[in-house]
Peer 1: 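Before we start, here is the structure in question, set down as structure tokens.
Quick caveat: nothing in here was measured; it's all calculated off a predicted structure. In this chain, residues are counted from 1 in sequence order.
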Amino acid sequence: MQTQLAPEFQGTPDGIEAEAILRKCVHCGFCTATCPTYQLLGDELDGPRGRIYLIKQVLEGQQPTRSTQLHLDRCLTCRNCESTCPSGVQYGHLVDIGRKIVDEKVPRPVGERALRWALKEGLPSPVFGPAMKMGQAVRGLLPAGLRAKVPAPEAAGALPTRPHARKVLMLEGCVQPAMMPGINSATVRVLDAAGIQTLVAPEAGCCGAVKFHLNDQDGGLAQMRANIDAWWPWIEKGEVEAIVMNASGCGVTVKEYGHLLRHDPAYADKAARVSGLTRDLSELLPDIVPQLQGKLRAVLQGVVAFHPPCTLQHGQQLRGGVEQHLRALGFDVRLTANESHLCCGSAGTYSVLQAELSGQLRDRKLGHLGALQPTVITSANIGCITHLQSGTETPVRHWVQVLDAALAS
């Protein structure tokens with residue numbers, strides 16, 4: 001697809017990148033068939049091809065409108081279209097550029113600005129944990145809509161303290177320790193059982209995705225630099241073999257630090273090194289499963305339904321690893337027969353900002369998962385887990401929690 005950039009974008013980093021991405025696009029429309037919002041709304045402008053056309057218009061100098069902004073807002077950034085695209089169009093990068101430009105040109109209503117500010121400042125804030133604890137204390141009294149965003153409290157459990165020669169860093173995340181602390185502690189225990197010690201840098205915080213995707217890109221990049229600084233002493237000394245992510249949304253972002261900070265002379269090389277060391281927890285399964293053979297005391301009986309998050313199967317292009325290796329350990333892990341590739345509707349802050357569409361996608365996903373009659377539903381991202389749990393009585397857990405329970409039983 002050829003485009004003639006408006007003078008204001010010529011020679012800028014965003015303009016150069018956007019033009020290179022657009023050049024790959026042949027406008028074939030294969031992506032439309034796998035776009036969740038197009039499936040729901042049937043509007044070409046609510047699919048990747050239509051949104052690419054809108055972004056192209058803006059880059060060529062056409063003034064965007066609130067309608068342009070709305071169509072870009074409705075995108076989940078699930079990147080399913082990237083898995084489908086035969087030309088390798090990096091749509092996720094393009095839509096970040098498009099949203100940034102459109103938000104600079106189209107003022108949002110006061111209410112929208114306030115909500116988006118509250119999300120980008122509140123979720124990564126130190127006050128989120130106490131606020132979540134307070135909400136959990138009165139959870140039964142909360143309105144249904146708010147109660148759905150507040151998971152029931154859970155105990156983290158004891159952490160192992162024995163050292164190992166093999167060491168990894170783990171990002172705890174901004175909301176995960178408060179919402180579901182059992183995910184991080186289960187990760188530490190499972191890795192310990194496989195002979196791997198987990199280290200945490202206290203100064204590391206939010207991966208930067210929340211602010212970045214809410215168009216506070218400078219704020220998101222600052223969080224990314226802070227994480228690199230927090231991890232660098234271990235990396236520089238060669239003390240860790242990987243940086244492990246047990247939230248696939250964080251994982252896809254940290255794996256892109258090298259790209260996002262490539263123009264920063266002080267951080268470009270470090271960011272590339274961090275991205276190169278980053279592994280989703282599932283990528284360690286081929287190595288740790290042999291270490292766990294024979295250590296499981298009680299494998300969960302019944303069907304373990306697995307919902308692969310978009311950030312895992314499309315963002316990181318990791319497919320099949322979780323179910324394959326858990327089956328090798330004796331779990332009856334199954335994917336849905338229909339639409340296992342589609343987003344559940346969580347998508348970071350999407351479930352708050354686009355609640356109606358998000359709810360439709362959640363219920364559609366739960367319908368397919370429910371057909372498996374599972375004992376438990378599992379996933380690999382805190383957002384997907386809490387979102388799915390808000391619509392079902394079936395327990396929804398991170399897959400590492402199910403594995404941890406089998407080790408502890």
Peer 1: Would you say that Leu361 contacts Leu76 through its side chain, given a criterion of any heavy-atom pair below 4.5 Å between the two side chains?
Peer 2: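 In short, these two side chains touch, coming nearer than 4.5 Å.
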
Peer 1: Take Gln176 and Asn246, measure what side-chain hydrogen bond (donor to acceptor under 3.5 Å, both in side chains) needs, and give me the verdict at the end.
Peer 2: CA-CA 10 Å; Gln176 191 162 280; Asn246 56 20; 2.8 Å; yes

Peer 1: Taking all non-hydrogen atoms of both residues, which atom of Thr394 and which atom of Pro374 are closest, and how far apart?
Peer 2: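 Taking Thr394 first and Pro374 second, the nearest heavy atoms are CG2-O, 3.9 Å.
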
Peer 1: With distance as the sole criterion, is a donor-acceptor pair present between the side chains of Ser351 and Lys149 under 3.5 Å?
Peer 2: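 Yes, a side-chain donor-acceptor pair sits under 3.5 Å.
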
Peer 1: Does CZ belonging to Phe128 count more than 12 external heavy atoms closer than 6.0 Å?
Peer 2: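 Result for CZ/Phe128: enclosed.
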
Peer 1: Donor-acceptor check, side chain of Thr77 to backbone of Gly92, threshold 3.5 angstrom: yes or no?
Peer 2: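 Side chain of Thr77 to backbone of Gly92, a donor-acceptor pair under 3.5 Å: no, none is there.
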
Peer 1: Using only heavy-atom distances, determine whether the side chains of Gln197 and Asp192 contain a donor-acceptor pair under 3.5 Å.
Peer 2: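 The criterion, which ignores hydrogens and geometry beyond distance, is not satisfied for Asp192 and Gln197.
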
Peer 1: Taking atom types as modelled and ignoring hydrogens, do the side chains of Asn338 and Thr336 form a donor-acceptor contact shorter than 3.5 angstrom?
Peer 2: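 Short answer, no.
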
Peer 1: May I ask you to check whether over 12 heavy atoms, not counting those of Lys295, lie within 6.0 Å of atom NZ?
Peer 2: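 Above 12, so yes.
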
Peer 1: Counting distance only, does the side-chain N/O of His164 pair as donor-acceptor with the main-chain N or O of Arg166 below 3.5 Å?
Peer 2: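 Checked: no pair found.
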
Peer 1: Any chance CG of Asp229 has more than 12 other-residue heavy atoms, nucleotides or ligands included, within less than 6.0 Å?
Peer 2: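 It does: Asp229 CG has more than 12 such atoms within range.
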
Peer 1: Minimum heavy-atom separation for Leu285 to Pro290, with atom names?
Peer 2: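 Closest heavy-atom pair between Leu285 and Pro290: O-CD, 4.3 Å.
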
Peer 1: Given 3.5 Å as the limit, does a donor-acceptor pair link the side chain of Tyr350 with the main chain of Arg74, or not?
Peer 2: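 Answer holds: yes.
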
Peer 1: Could you tell me whether the side chain of Leu191 reaches within less than 4.5 Å of the side chain of Gln291, counting heavy atoms only?
Peer 2: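 Gln291 vs Leu191: side chains apart.
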
Peer 1: With distance as the sole criterion, is a donor-acceptor pair present between the side chains of His259 and Glu17 under 3.5 Å?
Peer 2: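 Present: a donor and an acceptor within the cut-off.
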
Peer 1: Okay, side chain of Thr3, backbone of Leu5: is any donor-acceptor separation there less than 3.5 Å?
Peer 2: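 No: the side chain of Thr3 does not pair with the backbone of Leu5.
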
Peer 1: Tell me, do Arg79 and Cys343 make a side-chain contact under 4.5 Å, heavy atoms counted?
Peer 2: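 Side-chain contact under 4.5 Å: no.
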
Peer 1: Which pair of heavy atoms, one from Cys174 and one from Pro124, lies closest together, and at what distance?
Peer 2: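 Looking at all heavy atoms of both residues, the closest pair is CB-CA, 3.8 Å.
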
Peer 1: Step by step, work out the salt bridge (Lys or Arg N to Asp or Glu O under 4.0 Å) result for Arg334 and Glu323.
Peer 2: CA-CA 7 Å; Arg334 302 184 194 178; Glu323 56 267 34; over 6 Å; no

Peer 1: If only atom types and distance count, is the side chain of Arg189 paired as donor or acceptor with the main-chain N or O of Ala158 below 3.5 Å?
Peer 2: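 Yes, Arg189 side chain to Ala158 backbone: donor-acceptor pair under 3.5 Å.
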
Peer 1: Walk me through whether Leu59 and Ile55 qualify under side-chain contact (heavy atoms from CB on, under 4.5 Å).
Peer 2: CA-CA 6 Å; Leu59 289 167; Ile55 294 168; 3.9 Å; yes

Peer 1: Where is the tightest heavy-atom contact between Leu342 and His307, given as atom of each residue plus distance?
Peer 2: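 Where Leu342 meets His307 most closely, the heavy atoms are O-CE1, 3.9 Å.
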
Peer 1: Treating Gln389 as the side-chain partner and Thr392 as the backbone partner, does any N or O pair qualify as donor plus acceptor under 3.5 Å?
Peer 2: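 It does hold such a pair.
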
Peer 1: Between Arg99 (side chain) and Leu72 (backbone), is there a donor-acceptor pair under 3.5 Å?
Peer 2: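 Yes: the side chain of Arg99 pairs with the backbone of Leu72.
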
Peer 1: Looking only at side-chain N and O atoms, does Ser83 offer a donor or acceptor that is under 3.5 Å from a partner on Gln317?
Peer 2: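 There is such a pair between these side chains.
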
Peer 1: Decide whether His314 and Glu82 meet the rule of one side-chain donor and one side-chain acceptor closer than 3.5 Å.
Peer 2: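 Judged by distance alone, the side chains do not pair up.
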
Peer 1: Do Gln69 and Arg66 have side-chain N/O donor and acceptor atoms under 3.5 Å apart?
Peer 2: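 Yes - a donor-acceptor pair under 3.5 Å links their side chains.
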
Peer 1: Establish, from distance only, whether the side-chain atoms of Gln301 and Asp332 form a donor-acceptor pair under 3.5 Å.
Peer 2: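 Gln301 vs Asp332: no donor-acceptor pair found between side chains.
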
Peer 1: Answer whether the closest heavy-atom distance between the side chains of Leu221 and Leu261 falls below 4.5 Å.
Peer 2: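 Counting from C-beta outward, Leu221 and Leu261 do come under 4.5 Å.
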
Peer 1: Check whether any side-chain N or O of Arg279 sits under 3.5 Å from a backbone N or O of Gly276 as a donor-acceptor pair, and report yes or no.
Peer 2: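 Pair found, side chain donor or acceptor close to backbone of Gly276.
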
Peer 1: Identify which one of Lys211, Arg116, Arg113 satisfies the salt bridge (Lys or Arg N to Asp or Glu O under 4.0 Å) criterion when paired with Glu121.
Peer 2: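 The passing option is Lys211.
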
Peer 1: Testing Asp73, Val106, Ile101, Leu54 for side-chain contact (heavy atoms from CB on, under 4.5 Å) with Thr68, which one passes?
Peer 2: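 With Thr68 as partner, Asp73, Val106, Ile101, Leu54 yield a single side-chain contact (heavy atoms from CB on, under 4.5 Å), made by Leu54.
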
Peer 1: Provide the closest heavy-atom pair for Cys207 versus Asn227 in the form atom of the first, atom of the second, distance.
Peer 2: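 Heavy atoms only, the tightest pair is CA-ND2, 3.6 Å.
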
Peer 1: Looking at Val333, Val299, Leu300, which hits side-chain contact (heavy atoms from CB on, under 4.5 Å) with Val402?
Peer 2: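 Among Val333, Val299, Leu300, the one meeting side-chain contact (heavy atoms from CB on, under 4.5 Å) with Val402 is Leu300.
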
Peer 1: Would you name the heavy atoms of Leu45 and Gly50 that are closest together and state the gap between them?
Peer 2: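 Smallest interatomic distance, heavy atoms only, reads CD2-O, 3.8 Å.
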
Peer 1: Looking at Glu356, I'd like to know if its CD atom is crowded, meaning that more than 12 non-hydrogen atoms belonging to other residues, nucleotides or ligands lie closer than 6.0 Å.
Peer 2: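 Open: at most 12 neighbouring heavy atoms sit under 6.0 Å from CD of Glu356.
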
Peer 1: Show your reasoning for whether side-chain contact (heavy atoms from CB on, under 4.5 Å) applies to Ile385 and Met180.
Peer 2: CA-CA 10 Å; Ile385 293 166; Met180 296 190 74; 3.5 Å; yes

Peer 1: With the side chain counted from C-beta on, respond yes when Met224 and Leu260 share a heavy-atom pair under 4.5 Å apart, and no when they do not.
Peer 2: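 The answer is yes; the side chains approach within 4.5 Å.
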
Peer 1: Would you please test Glu241 and Lys167 for salt bridge (Lys or Arg N to Asp or Glu O under 4.0 Å) and show each step?
Peer 2: CA-CA 6 Å; Glu241 61 185 68; Lys167 295 177 174 63; over 6 Å; no

Peer 1: With side chains defined as the heavy atoms from C-beta onward, is the minimum distance between Ser282 and Leu312 less than 4.5 Å?
Peer 2: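 Touching, per the 4.5 Å side-chain cut-off.
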
Peer 1: Let me see the working for Thr65 and Val102 under side-chain contact (heavy atoms from CB on, under 4.5 Å), right down to the final yes or no.
Peer 2: CA-CA 8 Å; Thr65 65; Val102 170; over 6 Å; no

Peer 1: Is there a donor-acceptor pair closer than 3.5 Å between any side-chain N or O of Ser358 and the backbone N or O of Gln354?
Peer 2: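 No.
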
Peer 1: Going by heavy atoms in the side chains, are Asp46 and Tyr38 under 4.5 Å from each other?
Peer 2: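 No; the side chains remain at least 4.5 Å from each other.
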
Peer 1: Pair Leu281, Val190 - check side-chain contact (heavy atoms from CB on, under 4.5 Å), show working.
Peer 2: CA-CA 11 Å; Leu281 182 60; Val190 168; over 6 Å; no

Peer 1: Using the rule side-chain contact (heavy atoms from CB on, under 4.5 Å), only one of Thr278, Leu169, Val168 pairs with Val244; which is it?
Peer 2: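 The option that passes is Val168.
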
Peer 1: Mark yes when over 12 heavy atoms from residues, nucleotides or ligands other than Gln373 sit less than 6.0 Å from its CD; otherwise mark no.
Peer 2: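 No, not enclosed.
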
Peer 1: Kindly compute the distance separating SG (Cys384) from NE2 (His398), expressed to the nearest 0.5 Å.
Peer 2: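 Answer rounded to 0.5 Å: 10.0 Å.
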
Peer 1: Could you tell me whether Lys255 and Glu283 make a salt bridge, using a distance below 4.0 angstrom between a side-chain N and a carboxylate O?
Peer 2: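 Salt bridge: yes.
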
Peer 1: With a 4.5 Å limit on heavy-atom distance, are the side chains of Val95 and Tyr91 in contact?
Peer 2: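 The answer is yes, as the side chains (C-beta and beyond) meet within the 4.5 Å cut-off.
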
Peer 1: Would you confirm whether Ser390, through its side chain, and His387, through its main-chain N or O, come within 3.5 Å as a donor-acceptor pair?
Peer 2: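 Looks like yes, one N/O pair under 3.5 Å.
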
